[in-house]
Colleague: 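Quick one: the structure is below, and I'll ask about it shortly.
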Amino acid sequence: MDENKAVCRQACNYSDIIEKYSHTVYRICLSYSGNRHDAEDIMQDVFLRYLKKPRSFSSAEHEKAWFLKVTVNCCKSFFTSPWRNRTVSLEEYEHLPSQPDAEDEKCGPVYEAVMALPPKQRICVHLYYYEEMTIKEIAGTIGAPESTVKSHLFRARASLEEALKGEHNV
Amino acid sequence: MFNEEWKKNYNSDMDRQKPSENSIERLKGAMAMPNNKQPTRKNGVAVWAALAACAVIAVAVAVPFGMNHFKKDSEPAAASPVPVQSSKTMSYSEIYDVVSKLASNDFYYAKGATRFAAAPESVTAAAQDSTQTLNTQDYSDTNVQVAGVQESDIVKTDGKYIYSISGKKIYIISAADGRMSKVSELSCYDYDEYGQQKGYAFEMYITGNRLAVLKNYYDYSYKDTVTGSPAAKGYFMPPRFTKARTGVEIYDISDRASPIFLTSYSQSGSYVSSRMINDYVYLVTNEGLYSMVKDDPTTYIPMVYSGDKGSLLSPENIHITIGPEDGYPAQYLVVSGIDAAKGELISTKSVLGYGNSVYSSLNNLYIASYSQYKNDNAYTDATRILRFSINNGIIELKSEGIVNGSLLNQFSMDEYNDVLRVVTTVNSVSAKSSDGMISKSYMYNCLYTLDLSLKTIGKTEGLASGERVYSARFVGDTGYFVTFRQVDPLFTVDLSDPQKPEVLSELKIPGFSQYLHPYGEGLLFGLGRNADEKSGKADFLKLSMFDTSDPGNVTEAAKAIIDGVYYSEASSNHKAILIDKDKNIIAFPADGKYYIYSYTHENGFMQKAVISSSEDTNELPYYYYQSMRGLYIGGYFYIISDSGISSYGIKDYRPFSKLAFD
């Protein structure tokens, strides 16, 4: 058993995969959870899930798609897992704006306004504008119909427009 | 619109967001050693359970943004069950033909489901009274929905001992007269021969001299994934996760100091819920099917395990009442009845489908699952309900029905005098995609009464347009439910004639209740959140006592708002709250503290004590407040957390004694 562990430690050098995806994964987690601490924690879950169920990917896109989907799944289960004692349940979470962190760098009004959206809308906005995914890809990733994604984006844009009135010259 | 400039701003701000060095280091450490015990492992992400739960959440959070018109004419047609075919016994290969077609349904819930089979027969169960009975024992038990139907939890007591799943161990603590001492302990975790964690305990039941521990198991394969040969030295493949199962481990605790392992049973799938009636544990799991192979039934037939030895469920115990055209994902619902006293598996039934909410009366287990169907470009929620009769561990699928809308939780269902009452929220989103944007959505709430064949016999629809259900409770002939948008209407519904449910009153107060509990005659307690009357923004935790003595005029008799506290575990988990009318105790954890209140007609709510959780918070992240439970035995009140137990005098809540877990 110890021997196996030792072999594993040598063989399982995952730092490449961490380097490659940690930022993408972290930013999605951040856009869903709204704070750094949860984002880092969810990021851990994502990579541990990769570790638990390693697989061969047919292409780099496939690998990335897997990470995006699993990240979104982990974000969802992070807030719904019955075994996690959390301060805020998902329903209540909807009523809370994301908690800005004192140590966070000062961010612009657009970023702040996006972060003030409900998590479901934030994630769609992030995937659409930051990851530049298509509606179809987002639908596949978050496991919702395309129409739902469109409605999230539509509502998000409406809220942002409201929030950013007079900020057109930022 | 979200123009290029905004996009540039957002993206450049987002580019600066990076995980901390520290977290990357932690990640690298964790990934180099698959066997180490990260905090994340403790919560052992149950993949499929979480995904199934998401289907429900997806609806619940779709609160409209002022775009809600309640539209009667597009009311869905599938409000009552449509008999299609009796479920007949199929061979494994026939089952394969059905489930393999479902595999392409890529959602975690049914989409396009429009018809459901009626059950082969419907049998009338004996009448029963599910109202709360008087508590004659002098200790508190886990807060449950139906008297006599036990629900599992992380802390249990039998009036002499306290059983607690804390951290990595299950502790048995003797708790005589406020003094605690550890009698014995069991590990929560199982490891395989390679040191890979393969099981962990999450909740339990106590009955007489038996301890029944609910466990999640993960099966791993150590075979080389390419050639199928065992991992050779020097060519180590990380273990492959193959299957999740859930089970019950039964211990003989006649001698509390040395529990004896008797037996364990498990079944395919991840945990949905469980109940215990007398000595019989009923376990409900969901199994998702992936990469089915026709020649290998273990890939598409649910299994039951005695210890680690698995066997296929026989075809006559598998009910397939839906077809590929119903849009169901390839998932099984598996239900077992286990005699915890004798340590025997009595029966197992499986139904193609899945479960989100489980309600049990003394004779019937109801399992509700969320689905969506399409009607004129609009997606509308529907809930499929299955009824299983349960009798001393023998489970039979009896009937199946469908109602409009989605359920909040188990409290959305209640059986009384052979009538099932269900409160639902209908959310319908229509997408006219010419311009690619949604055109409208609407939301309203419904109450249905169903007979035992799960045929709708009465209904009230279209309540509280634009709002959704936040909590529900049925007390005898009356149903209460709370909806919310800006102010909280508490609806009181007369159900004495099940065919004509009638709204008696509608009380509007700021905020909303997330848990309702009858508090003696004519009173209903609600735990929830206060909200700003103008903006509707929820703020602090709120306790309400509703005077329901005049159903036509329900009033809020008293309230208390806990300043600065936003969240209580009890808001989403009724097992975390202790409510005892006789002792006049309302107690719950919130924000890492434990609050104890009493209520009197004259003075309203009185805060009796606020007890901080243990001093050492270790290195737990701020969101990770420990779960806490409170209970009383005789003259002492006990508060149990991951780190230990403390006892208090029940009159003045003065600290009496303490025991730390190691």
Side-chain angles (χ1 to χ4, degrees), chain A residues 1 4-5 7-9 11-12 14-15 18 22-23 26-27 30 37-38 40-41 43-45 47-49 51-54 73 76-77 80-81 83-92 94-95 105 107-108 110-111 114 118 120 129-130 143-145 147-148 150-151 154-155 157 160-161 170, chain B residues 1-2 6-7 9-11 13-14 16-20 23-24 27-28 30-35 40 43-45 50-51 53-54 57-58 60-61 63 65 107-108 193-195 202 234 236 238 240-241 379 429 431 433 436-438 529 537-538 567 569 571-572 621-627:
Chain A
M1 179 181 136
N4 265 327
K5 270 188 186 169
V7 174
C8 179
R9 265 195 214 105
C12 307
Y14 286 98
S15 37
I18 297 176
S22 59
H23 287 194
Y26 172 78
R27 284 167 190 156
L30 184 65
H37 306 283
D38 287 355
E40 285 176 359
D41 233 80
M43 182 176 76
Q44 290 253 336
D45 279 0
F47 283 94
L48 286 176
R49 210 174 277 198
L51 179 74
K52 261 196 283 183
K53 213 177 170 183
N73 287 344
K76 288 180 182 173
S77 51
T80 54
S81 166
W83 295 286
R84 185 177 290 277
N85 308 308
R86 55 206 190 274
T87 49
V88 179
S89 74
L90 192 57
E91 288 95 318
E92 292 165 316
E94 293 293 322
H95 292 277
E105 288 183 71
C107 287
V110 181
Y111 179 87
V114 172
K120 300 240 163 191
Y129 292 105
Y130 190 80
S147 53
T148 307
K150 283 178 191 164
S151 81
F154 177 77
R155 288 165 178 173
R157 285 191 196 110
L160 288 173
E161 209 150 64
V170 283
Chain B
M1 291 306 283
F2 201 107
W6 291 7
K7 182 175 166 180
N9 280 323
Y10 175 78
N11 288 3
D13 277 342
M14 193 42 102
R16 286 189 286 131
Q17 306 297 329
K18 293 187 179 89
S20 64
S23 74
I24 295 287
L27 193 51
K28 285 183 179 164
M31 291 190 72
M33 289 186 287
N35 299 326
T40 30
N43 299 308
V45 191
L51 295 184
C54 283
I57 296 304
V61 295
V63 185
F65 295 80
F107 294 98
Y108 306 119
E193 54 185 314
Y194 299 106
F202 56 94
F236 184 86
R240 273 171 66 85
F241 169 78
Y379 280 101
V429 178
S433 48
M437 286 304 134
I438 78 137
R529 302 266 298 278
K537 194 168 153 47
Y567 176 72
E569 191 191 348
S571 314
S572 53
Y622 75 96
Y623 64 83
Y624 193 91
Y625 285 126
Q626 298 174 354
S627 234

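So that the names make sense, note that chain A is the first sequence line, chain B the second, and so on, each numbered from 1.
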Colleague: Measure the CH2-CD distance between W6(B) and E161(A) for me, rounded to the nearest 0.5 Å.
Modeller: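 Interatomic distance, W6(B) CH2 to E161(A) CD, rounded to 0.5 Å: 5.5 Å.
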Colleague: What's the spacing between K18(B) NZ and E40(A) CD if we round to 0.5 Å?
Modeller: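 One finds 13.5 Å between NZ of K18(B) and CD of E40(A).
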Colleague: Rounded to the nearest 0.5 Å, how far apart are CZ of R27(A) and CG of N11(B)?
Modeller: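 Rounded to the nearest 0.5 Å, the CZ-CG separation comes to 10.0 Å.
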Colleague: Can you measure from OG (S23(B)) to NE2 (H37(A)) and round to the nearest 0.5 angstrom?
Modeller: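 If I round to the nearest 0.5 Å, the distance is 11.0 Å.
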Colleague: Taking all non-hydrogen atoms of both residues into account, name the closest pair between P19(B) and S22(A) and its distance.
Modeller: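 Heavy atoms only, the tightest pair is CG-O, 4.3 Å.
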Colleague: Side chains of M14(B) and Y129(A): closer than 4.5 Å at any heavy-atom pair?
Modeller: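 Not touching, per the 4.5 Å side-chain cut-off.
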Colleague: For a 4.5 angstrom cut-off between non-hydrogen side-chain atoms, does V110(A) reach D13(B)?
Modeller: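 Contact flag for V110(A)/D13(B) side chains = no.
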